[in-house]
Amino acid sequence: MRALNFSIVVASLVCLISSNANADTTSVKLHKIVEVKKKGEHCEQDPNCFNRYHPAIKPVARAAPGDHIVVHTRDALDSNLNINSKPKDVTAIDTNLIHPMTGPIYIEGAKRGDVLAVELLDINPDDYGYTTLIPGFGFLPDLYKEPFVANWKLNRVEAVSEQIPGVRIKMNAFMGSVGVMPGEPEVEAWLARETALGKVGGVALPPEPTGARPAEICGANGSHKDRCLRTVPPRENGGNMDVKQMVRGTTLLLPCFIDGCGFFIGDVHYAQGDGEVAGTAIEMGAVVTVKTSIRKGMASIVKQPMFEGGSQIKALEPDRFHAVVGYPLKKAGEVPPQWAYLDSEKIKPLTNLSNDLTLAARHSLTSMIDWLVATKGLSKQQALVIASVACDVRISNMVDVPNYAVTTICPMEIFDKK
Amino acid sequence: MYNRRNAIGIIAVMAACAKEALAHTPYGLWDAFRKQNLQILTSHEDYTGDDLAEIWVATLRKELPLSRAMVSRARNFSRVASLLKTDQSKLAVLSHKQARDMFSGAPPFELFAPMPIQVLLDDGKYFLIARESLPKSHAFVITAALMHESRDLKFLKPTKATYGIPLHPGSQAYFSGEEVPLDAVDEK
């Protein structure tokens, strides 16, 4: 009898062990996963990709608040750049394709007038990223005439590039573009204000059907081809904001303009300085994981993107730095491109403008580039890339008239010790 | 007829080209680059054409140094068609087949039809093509600069319409010995 009991106990144990053989923590699932993958090489082949905004664009997935939404994103230029890319590949970039987004995703329970809270849980980078100097683009378009590309090898720790030897850029990834679809009233209002800006010579981006996706809505024969907004400018719906502090652990708040919000992500940056002064950061595709919650009726207060977090901002600060303070100073006879559309002849002969942060930023940045060239043995192109991916252009004061100050702060730990 | 002093006129070529393109591309400043560089498109889908374009560009840089001629390599020929169609670029090197398909709107170029392209030069396998809006005098200067080295570059005298693609009036003018004043930069 005792032997039988012993056998039963052993058998039970074996049974217990065998039945739980796969029951480690991996088997415990607490979150529903909603995954939106890329299909095809480029946005034009991908039903989960779009590069224009319009509320008629249908959701490609649905998720409930709390679900882990895993989104596979494309690089900002929808490019075919790779580790061997050359400057001549940069100059043929087709601006009609910028920026491809993955989505939209319908968030169940969200209505127009609500706020969508998006917590960033994780970003898994591609192996490759790039930083381009595209002549005519970026914050110093008049000073850089030749194309350049830095091809970066990426992992979850740091980025290195043969084009900028001796430099290591720490991963501080964030969603360069993230947002929600506009509603019909927003489309009309935003088109109207941008059209007015374009009429006075400002850089406004009218609808462009060529290369637009989804083609059946925004393309040449699309149902709303004249109302599809470009994804280049950030607006109240978020989009291409390029805010480096929106890192893992922070929560982005977006007003919802349509039921289900039409959430999307694209254009992930591996690392970027405040200002993204070259026009590109370390651009890459990535796999992004977020979860959402809904703040009912809060869009009356949150009328534009806001975000919140804790100590994440501290982690972005450099260990060692060099900083250059700039003022609104320039050469006599110079009208930098940012002012040209106003046709201002008044500022041309001046060497000092009043209360002008943009000119102070230009002064600070160009001086920092000169310092990097002089002390680090870099070319001007390499220095601008470093400024774009690692240095922060920050407002220092907006009170000390006429010389409001902007400071460019560059981390020094990115340079290998010699 | 053509001489190297005409190189100065190529700057005006680019200025006029970019002025037109402003309305079509998102970055007005981006066009500042294409205003200052004679950009010739190729594609990653055809490295033979890309190599050939580099040779032609080297000749243009020698004959017309102020043109700042350069090759820009798009990811595929659909993007070349897009850049031409939306006036982001004016010139491309295309094989006869690519040019014929692009001009006729054959796949994968259906969405871009009709393509406003014309032939500047032909080496028997490849064309240098241009948007029809490239001003006559500019096409004349480019044609003349390349024909200056025609023995090495093996250019043929193009017929008036190959595969139905018309010869650009500026190129036509060069081959017929016509005088084209360079100051007429704004003509179409």
Side-chain angles (χ1 to χ4, degrees), chain A residues 41-42 44-45 77-82 84-99 133-142 144-147 194 198 201-212 215 219-222 230-233 240 279 336-338 340-341, chain B residues 14 18-19 21-45 47 50-51 53-54 57-58 68-93 105 108-115:
Chain A
E41 290 186 2
H42 294 287
E44 63 193 284
Q45 293 105 23
L77 304 178
D78 197 9
S79 75
N80 66 336
L81 298 178
N82 59 55
N84 298 314
S85 287
K86 296 179 167 59
K88 73 176 179 180
D89 300 316
V90 169
T91 54
I93 294 297
D94 187 346
T95 56
N96 294 325
L97 308 180
I98 301 171
H99 298 77
L133 303 188
I134 302 173
F137 181 56
F139 188 61
L140 303 172
D142 52 325
Y144 285 81
K145 306 288 190 191
E146 297 296 329
E194 290 171 15
V203 181
L205 314 178
E208 171 54 74
T210 303
N221 301 314
R230 298 300 304 265
T231 50
V232 176
N240 186 30
Q338 286 86 355
Y341 86 98
Chain B
M14 298 298 97
K19 198 174 177 182
L22 278 172
H24 301 281
T25 59
Y27 306 112
L29 298 171
W30 161 257
D31 295 291
F33 171 69
R34 290 169 181 170
K35 178 162 63 176
Q36 295 165 18
N37 294 268
L38 183 64
Q39 185 187 41
I40 296 179
L41 296 172
T42 65
S43 163
H44 274 278
E45 291 180 333
Y47 290 118
D50 185 58
D51 290 343
E54 290 286 3
V57 158
R68 297 164 57 88
M70 64 175 299
V71 173
S72 289
R73 188 168 57 185
R75 77 179 188 219
N76 56 39
F77 283 108
S78 291
R79 299 276 57 85
V80 171
S82 172
L83 290 164
L84 292 167
K85 177 75 176 182
T86 55
D87 214 358
Q88 295 184 69
S89 292
K90 294 281 191 187
L91 297 155
V93 172
F109 304 113
E110 308 96 305
L111 285 174
F112 303 106
M115 278 297 292

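To find a chain, count down the sequence lines: A is the first, B the second, and so on, and within it residues start at 1.
Interface remark: A:E41 contributes no atoms to any contact with chain B (heavy atom separation under 4.5 Å). With a threshold of 4.5 angstrom between heavy atoms, A:D78 approaches chain B through its backbone and through its side chain. Only the side chain of A:P147 has a heavy atom closer than 4.5 Å to any heavy atom of chain B. When heavy atoms are compared at a cutoff of 4.5 Å, A:L81 does not approach chain B at all.
Residue B:L111 holds its CG atom at 7.0 Å from CG of A:N221, rounded to the nearest 0.5 Å. Atoms NZ and CG, from B:K85 and A:N96 in turn, are 12.0 Å apart once rounded to the nearest 0.5 Å. How far CG of B:N37 is from CD of A:E146: 6.5 Å, rounded to the nearest 0.5 Å. From B:S72, atom OG reaches atom CG of A:D94 across 12.0 Å, with rounding to the nearest 0.5 Å. Atoms CZ and OG, on B:R73 and A:S85 in that order, are 7.5 Å from each other to the nearest 0.5 Å. The distance from the OG1 atom of A:T91 to the CD atom of B:Q39 is 5.0 Å, given to the nearest 0.5 Å.
No donor-acceptor pair closer than 3.5 Å links the side chain of A:E208 to the backbone N or O of B:T86.
A search for salt bridge (Lys or Arg N to Asp or Glu O under 4.0 Å) contacts involving B:D51 returns nothing, not counting sequence neighbours. Take B:E45 and apply the salt bridge (Lys or Arg N to Asp or Glu O under 4.0 Å) test, not counting sequence neighbours, and it matches no residue.
The two residues A:A92 and B:L83 have their closest heavy-atom pair at O-CD1, 3.4 Å.
Ionic pairing of A:E44 and B:R75 is present here: one or more N-O contacts between side-chain nitrogen and carboxylate oxygen are shorter than 4.0 angstrom.
At most 12 heavy atoms of other shown residues, nucleotides or ligands fall within 6.0 angstrom of atom NZ in A:K86.
A donor and an acceptor atom, one from each side chain of A:T95 and B:Q88, are located under 3.5 Å apart.
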